[in-house]
Every structure is written in structure tokens, then in C-alpha cells.
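Okay, so here's the structure we're looking at.
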Amino acid sequence: MEESPDPPFVETYKNLFDTNILNEKHNDLFMVEECELPLINLHQLKYGDKFERQECKKKIAKASREWGFFQVVNHGVSPNILEEMRTEQVTLFKKTFNEKMNIDKSLNFSEGSYRWGTPTATCLRQISWSEAFHVPLSDVSKGFSSLSSTMEEFATTLSELAQELARLLAEELGDYNYKLDYFKETCLASTCYLRMNRYPACPISPQLFGLMPHTDSDFLTILHQDEIGGLQLFRDGKWISVKPNHEALIINIGDLFQAWSNGVYRSVEHRVVTNKFKERFSTAFFLCPSYDTEILSCVEPCLYRKFTFREFRQQVQEDVKNFGYKIGLPRFLVSTN
């Protein structure tokens, strides 16, 4: 019998399946509207005249304020690289579960880069039916395989795009204390990372999430997803499903940018739902600062107290361990007492 590439979800979480599966409501997972994210053509930003460039910047800032999500086309990332990255990723995830559990050394990835499920889950809704390789950019260039070279090219182009968008959004805030090289100096290869995701077909969909509702703990995330769909975001008090666009990259604002912008740009809760018959792949780039970077808005009065990225991550990890989910920015609000 051929060994499966899928992690042992059912065996690992057997007690939760046995006790909870009939008791939890799940209708809200699929009873949602489908929407198109704001679509921005970056050709205008790079090759347009002064007026067109300014209009493009305004569209990006507006989407970041009102949606916290947008998608970009003509983004400068070669379709060939996106296709090669997807091919290499699929090949990697097709390896058996045991191979993936022990693959870090052969790929020169840091120990523990392969992750699956939710180790802290105490109920079905806290299980993420997915697996991922979580790889710091500093690990990407260490390997000598076709996967490593493809990841390096993919990461380089997405890093440049993320830096450009972050600079633009900072400038649109009118923050006169903002240093031109702020993101270049603080967002390092050791703290920025790629995450290759696979969401196996789930036989008991829609009871389980592919990825639990969460916000991202970074400045910006850039996502390349396949045509299967499953990404949903919370907007105007309800969940909406994001319609896949093969040509576009999805950008979303992270917690650090919300705090840094004093709440102007929104870090929006999002999730991934499972599919009963099809697996889904995506790859994300996360623009993160060094752990000692202090996050503080220059706008007064500040909504959030000053904190370091290390402090933020440690608080998130502690909350997930204690409660099973991330609390995030509300922990860092300035007291109104």
C-alpha cells in the first residue's frame, strides 16, 4: 500500500472528532458571498505619468484603509517564476508524510520548518487542516536544489515588491519622521519568510478550517494562490469569499502596519475553508522586521503602546498556548483609564 502524503489528522485528533463532530455548527463556513478584491494595475505605478502614479498610490492606500486587502496585476513577478514555484511546491508536498517530517536537513531548512495541524487544538474549530513549510529567507539561499533556486528567485522578487508597497503606504500616511530606508533596514532576511501551504482535500468539509481565523503578525503579506479558492475575509460584520484571480497577487495589511499607521491601515481577520474533493496550494511572503524593532506610531494620540516585534510574537505565542487562538493587537491598546 502506497504511503499517503497527508498528515495523520484523523488519528491525531481522534478524541476531538469523537466528542465534538456532532455538536459544532458549521453552516457559516460556506454560506458566504463571493467578492472581487480591489484590483490595482501596477503598470501605472511603474510606467505612468506623474498623475497616473499618484492615482495608483491613492488606490493602494484607499484599499489598505477600507479593505486591508487588495490584489495587484502587472506586478513585475514573472509568470514563469510563479508557475515554477507552484510546480516545485506540489512536488515537495507529494512526498510522503514521513519524508516531509525529516526533510529539513536535506533542504538546508531550519529545524521545525515543516508544520501541520494545530498542536494546541482543544476543539474541532481550532484544527487547521493544512500543512506548510515555514522558511526564513536566510534559509532559502542555502540549498542547491531546483526548489532552492526557484524559491530564491521567487523570494527576491516578492521581497522587492513588498518593500516598494510598504514605502508607498508609509509615504501616503504623510509621516515626516519616516526614514526612506526604514523597511529595508528593519525587515531582514532572517525575519522575513516564505510559507508554502497545502490544504489537503478534507473528507468532513466543511466542519473544519483549512486555516483558523487570524490576522497576520507582520507589516505586509503577499499571497500567490491557485484557482481552487477558499480564502475568506471578515468585512462589514460578515465573512466573504475571495474570488481567485490567476494573474493577480493578493496583498494584505498585517498587525504591525495597523499599529504603525495608528489604525489607518487595517489588519483584517481572514481564514481558509476546506474543500471536500480538491487540494489547494498557496505561497505567501511575509514582510517582518527584526525582533528588536520598536513599533510606535508617530501620530498622536497613539492607539497602541510602544512594543517590539519580539514582545508581540511572544504574547501571541503565549495566548495561543493558553487560549488556543491569537488575541493580537488588542493586547497592546493604550489604556483609556
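What's counted below: heavy atoms across the whole structure, side chains too, no hydrogens, waters or symmetry copies. The model shown is predicted, which means the values in this text are computed figures rather than measured ones.
Shortest non-hydrogen contact noted between Asn197 and Ala132 is OD1-CB, 3.5 Å. In terms of heavy atoms, Asn262 sits closest to Leu303 at OD1-N, 2.8 Å. For Ser261 against Ser297, the heavy-atom pair with the smallest separation is C-OG, 4.3 Å. The two residues Thr274 and Phe209 make their nearest non-hydrogen contact at CG2-C, 3.6 Å. When all heavy atoms of Ser217 and Lys326 are compared, the closest pair comes out as OG-NZ, 2.7 Å. The two residues Glu52 and Gln44 have their closest heavy-atom pair at O-CB, 4.2 Å.
With rounding to the nearest 0.5 Å, the separation of NZ in Lys57 from CD in Glu172 is 6.5 Å. Taking CG from Asp139 and NE2 from His134, the interatomic distance works out to 10.0 Å, rounded to the nearest 0.5 Å. The CD atom of Glu84 sits 8.0 Å away from atom OG of Ser149, with the distance rounded to the nearest 0.5 Å. Distance check, rounded to the nearest 0.5 Å: OG1 of Thr215 to CG of Leu256 gives 10.0 Å. Atom CE of Met101 sits about 7.5 Å away from atom CH2 of Trp116, to the nearest 0.5 Å. With values rounded to the nearest 0.5 angstrom, Tyr13 atom OH is found 11.5 Å from Cys123 atom SG.
A donor-acceptor pair under 3.5 Å is absent between the side-chain atoms of Lys100 and the main chain of Lys94, judged by distance alone. At least one donor-acceptor pair under 3.5 Å links the side chain of Ser78 to the backbone N or O of Asn80.
Looking at Glu88 and Ser145, their side chains never come closer than 4.5 Å, going by heavy atoms from C-beta outward. Between Asn252 and Leu223, every side-chain heavy-atom pair lies at or beyond the 4.5 Å cut-off. Contact of the Glu269 side chain with the His214 side chain is not registered, since no non-hydrogen atoms from C-beta on lie closer than 4.5 Å. The closest side-chain heavy-atom distance from Pro203 to Phe9 is not below 4.5 Å. A heavy-atom distance below 4.5 Å is found between the side chains of Ile60 and Leu42. At a threshold of 4.5 Å between non-hydrogen side-chain atoms, the residues Thr191 and Pro289 do not count as touching. Annotation: side chain of Val73 is in contact with side chain of Asn41 (closest heavy-atom distance under 4.5 Å). Considering only heavy atoms from C-beta on, Val72 stays 4.5 Å or farther from Ile222 through its side chain.
Separation of the Tyr265 and Trp260 ring centroids does not fall under the 6.0 Å cut-off. If you look at Phe309 and Phe219, their ring centroids are not closer than 6.0 Å.
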Before giving the answer on salt bridge (Lys or Arg N to Asp or Glu O under 4.0 Å), spell out for Glu34 and Lys243 the whole-Å C-alpha distance, their side-chain angles and the decisive distance to 0.1 Å.
CA-CA 6 Å; Glu34 186 176 61; Lys243 186 176 181 180; 5.0 Å; no

For Met151 and Leu107, what are the C-alpha separation, side-chain angles and deciding distance, and is it a side chain to side chain contact (heavy atoms under 4.5 Å, CB included)?
CA-CA 12 Å; Met151 286 179 68; Leu107 293 176; over 6 Å; no

Report the C-alpha distance between Phe70 and Ser64 in whole Å, list the side-chain angles of each, state the deciding distance to 0.1 Å, and finish with yes or no for side chain to side chain contact (heavy atoms under 4.5 Å, CB included).
CA-CA 7 Å; Phe70 57 95; Ser64 300; 3.4 Å; yes

Set out, in order, the CA-CA distance, both residues' side-chain angles and the distance that settles ring pair (Phe, Tyr, Trp, His ring centres under 6.0 Å) for Phe257 and Phe183, then state yes or no.
CA-CA 11 Å; Phe257 227 139; Phe183 295 101; 5.7 Å; yes

Tell me, with the steps shown, if Leu37 and Leu233 meet side chain to side chain contact (heavy atoms under 4.5 Å, CB included).
CA-CA 10 Å; Leu37 294 176; Leu233 59 92; 3.6 Å; yes

Could you give me the CA-CA distance, side-chain angles and deciding distance for Thr308 and Glu294, then say whether side chain to side chain contact (heavy atoms under 4.5 Å, CB included) is met?
CA-CA 4 Å; Thr308 65; Glu294 291 186 338; 4.0 Å; yes

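By the side chain to side chain contact (heavy atoms under 4.5 Å, CB included) test, Lys278 is found to be paired with Ile228, Asn275, residues two or more places apart in sequence or in another chain being considered. Considering only residues two or more places apart in sequence or on other chains, Tyr199 meets the ring pair (Phe, Tyr, Trp, His ring centres under 6.0 Å) condition with none of them.
A salt bridge does not link Arg235 to Glu33: none of the charged side-chain nitrogens sits closer than 4.0 Å to a carboxylate oxygen. Asp226 has no carboxylate O lying under 4.0 Å from a charged side-chain N of Arg198, or vice versa, which leaves the two without a salt bridge.
Side-chain N/O atoms of Ser110 and Ser113 include no donor and acceptor closer than 3.5 Å. In the model, Tyr325 has no side-chain atom that pairs as donor or acceptor with a side-chain atom of Gln126 under 3.5 Å.
One hydrophobic cluster, built from ILVMFWY side chains closer than 4.5 Å, cannot hold both Ile253 and Phe286; they sit in different ones. Hydrophobic clustering (side-chain heavy atoms under 4.5 Å, transitive across Ile, Leu, Val, Met, Phe, Trp, Tyr) keeps Tyr193 apart from Phe133.
The cationic group of Arg305 does not satisfy the cation-pi geometry with Phe307, failing either the under 6.0 Å distance to the six-membered ring centre or the 45° limit from the ring axis.
Taking the six-membered ring where the residue is Trp, Phe154 and His224 present tilted rings, their angle falling between 30° and 60°.
In Glu111, the CD atom is not crowded: 12 or fewer heavy atoms of neighbouring residues, nucleotides or ligands sit closer than 6.0 Å.
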